Protein chains: 2
Amino acid sequence: MAETVTSDALRDAGLRATRQRTTVLDALRGRAEAITAQDLHGELRAAGEPVGLTTVYRTLSSLADAGLLDAFPRDGEQAFRLCSDDHHHHLICEACNRVDEITAEEVERWVDSVASRRGFRVTGHRADVFGVCSDCGRA
Amino acid sequence: MAETVTSDALRDAGLRATRQRTTVLDALRGRAEAITAQDLHGELRAAGEPVGLTTVYRTLSSLADAGLLDAFPRDGEQAFRLCSDDHHHHLICEACNRVDEITAEEVERWVDSVASRRGFRVTGHRADVFGVCSDCGRA
DNA sequence: GTTGTTGCAAAGAATTTGCAACATA
DNA sequence: TATGTTGCAAATTCTTTGCAACAAC
């Protein structure tokens, strides 16, 4: 398969490939943990890749709208993480904020059956598991 | 079964039964929709039951801590709703904010199996379905 | 009477918006 | 060059805190 080029991913999302957006998206690549706009801004600044806080907010929001990121409410903040295209669920480590994606046929079946039983038209669902990942639990 | 008296419920939660807290908890009873602190404050004020906004925030927070309320992130806000004692999931109507509780053995089993397969120590999980309830869909 | 509670005003914190300078296509 | 983007400062919005008056037990 072809390497996913950051600038192409941005253009696919209908966004111009600016230095700032490329920086943000690259910073998200290969990261297992979800991160907030504030934290990411701090990291970029520390790494000498200055991007305005406003731009970080706007970029994360655009990428999430485009379906490239999942958003996780954490305290009063939104944390973001790159995600796959298809529907999935999450295993969220509360110690390191690592997020693993999982697919779950049984959950999809459950959603369908509950909804049809109740005359509920489903627009979405979320099934996330919180806890401590094996790495953190080992400590 | 005994009627649940509001003041008793408050005392069970370790809170003094003040007029304000009784008012808030009573306003939550029999309500199918989740409501935010701001909205509830406005409603109480309109109903001539003045309770300070700060107190509404504090009361909702205490009740949620005591396990009497479920919290739902909605846009940038927290919405609350009375909930049952035992573990459950939700069917959330995005049109009227109504929340129905559902139990789901299959979800519990799924959580256990995923966690054990991955060496993940579970502290909690959440499985909510979003959509439009039968009442709203009929409109 | 003690101790927890209220509510105002002020502080805090996350996020959004206006707008002029600027970069991308 | 035309249009989208940036980033600062300022504004918004939700939520929390300090503190003196007050109410529950």
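Throughout, protein chains are lettered first and strands after them, A, B, ... in sequence-line order, and every chain is numbered starting at 1. Everything numeric here is computed off the predicted structure, so don't read it as measured data.
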May I have the list of side-chain donor-acceptor pairs in residues 128-139 of chain A shorter than 3.5 Å, sequence neighbours left out?
from, atom 1, to, atom 2, distance (Å)
A:Asp128, OD1, A:His90, N, 3.4
A:Asp128, OD1, A:His90, ND1, 3.0
A:Asp128, OD2, A:Arg126, NE, 2.8
A:Asp128, OD2, A:Arg126, NH2, 3.4
A:Asp135, OD1, A:Arg138, NH1, 3.3

Subject >> side-chain hydrogen bond (donor to acceptor under 3.5 Å, both in side chains) assessment of A:Ser113 paired with A:Arg117 >> reply: CA-CA 6 Å; A:Ser113 80; A:Arg117 201 179 311 144; 3.2 Å; yes
**OP:** For B:Ser61 and for A:Arg45, find the nucleotide of DNA chain D with the closest heavy atom, then tell me which residue's nucleotide is more 5'.
**Re:** A:Arg45
Subject >> B:Arg31 with B:Glu43: basic N within carboxylate O range, under 4.0 Å >> reply: yes
**OP:** Quick one: closest heavy-atom pair of A:Ala71 and A:Phe80, and the distance?
**Re:** CB-CE2, 3.8 Å
Original post:
Parallel under 30°, tilted from 30 to 60°, perpendicular over 60°: which one fits the rings of A:His125 and A:His89?
Top reply: tilted
Original post:
Once you round it to whole Å, what is the distance between P of C:dA23 and CG of A:Leu10?
Top reply: 18 Å
**OP:** Can you run down the salt bridge (Lys or Arg N to Asp or Glu O under 4.0 Å) pairs that involve residues 15-24 of chain A, sequence neighbours left out, and say none if there aren't any?
**Re:** none
Original post:
Between A:Leu40 (CG) and C:dT15 (P), how many Å, whole number?
Top reply: 12 Å
When the side chains of residues 53-63 of chain B are checked against the rest of the protein, which donor-acceptor pairs come out under 3.5 Å, sequence neighbours left out?
from, atom 1, to, atom 2, distance (Å)
B:Tyr57, OH, B:Gln38, NE2, 2.9
B:Thr59, OG1, B:Thr55, O, 2.8
B:Ser62, OG, B:Arg58, O, 2.9

Subject >> Bending between helix ends of the helix from C:dG1-D:dC25 to C:dA25-D:dT1 [5 pairs per end, 10° resolution] >> reply: 50°
Original post:
Roughly how many Å is it from CZ in A:Arg74 to C1' in C:dT15, rounded to a whole number?
Top reply: 17 Å
Subject >> For atom CZ of B:Arg21 and atom P of C:dG4, their distance in whole Å >> reply: 11 Å
Considering only nitrogen or oxygen atoms on both sides, find all protein atoms under 3.5 Å from nucleotides 11-15 of chain D and state each distance.
from, atom 1, to, atom 2, distance (Å)
D:dC14, OP1, B:Glu77, OE2, 3.4
D:dT15, OP1, B:Gln78, N, 3.2
D:dT15, OP2, B:Tyr57, OH, 2.7

Subject >> Gap separating the CZ atom of B:Phe120 from the CZ atom of A:Arg98, nearest 0.5 angstrom >> reply: 9.5 Å
Original post:
For the residue pair A:Gln78 and A:Pro73, what are the closest heavy atoms and their distance?
Top reply: OE1-CA, 3.8 Å
Original post:
What are the two closest heavy atoms between A:Asp26 and A:Thr6, and how far apart are they?
Top reply: OD1-OG1, 2.5 Å
Subject >> d(NE2, A:His41; P, C:dA13) in whole Å >> reply: 17 Å
Subject >> Integer-rounded Å distance: D:dT16 P and B:Leu60 CG >> reply: 10 Å
Subject >> OP1 or OP2 of C:dG7 under 4.0 Å from side-chain N/O of B:Gln20 >> reply: yes
Original post:
Of all heavy-atom pairs between A:His41 and A:Gly52, which one has the smallest distance, and what is that distance?
Top reply: CD2-C, 3.8 Å
**OP:** Starting at the 5' end of nucleotides 18-24 of chain D, put B wherever the base has a protein heavy atom under 4.0 Å, S where only the sugar-phosphate does, and a dash everywhere else.
**Re:** -----BB
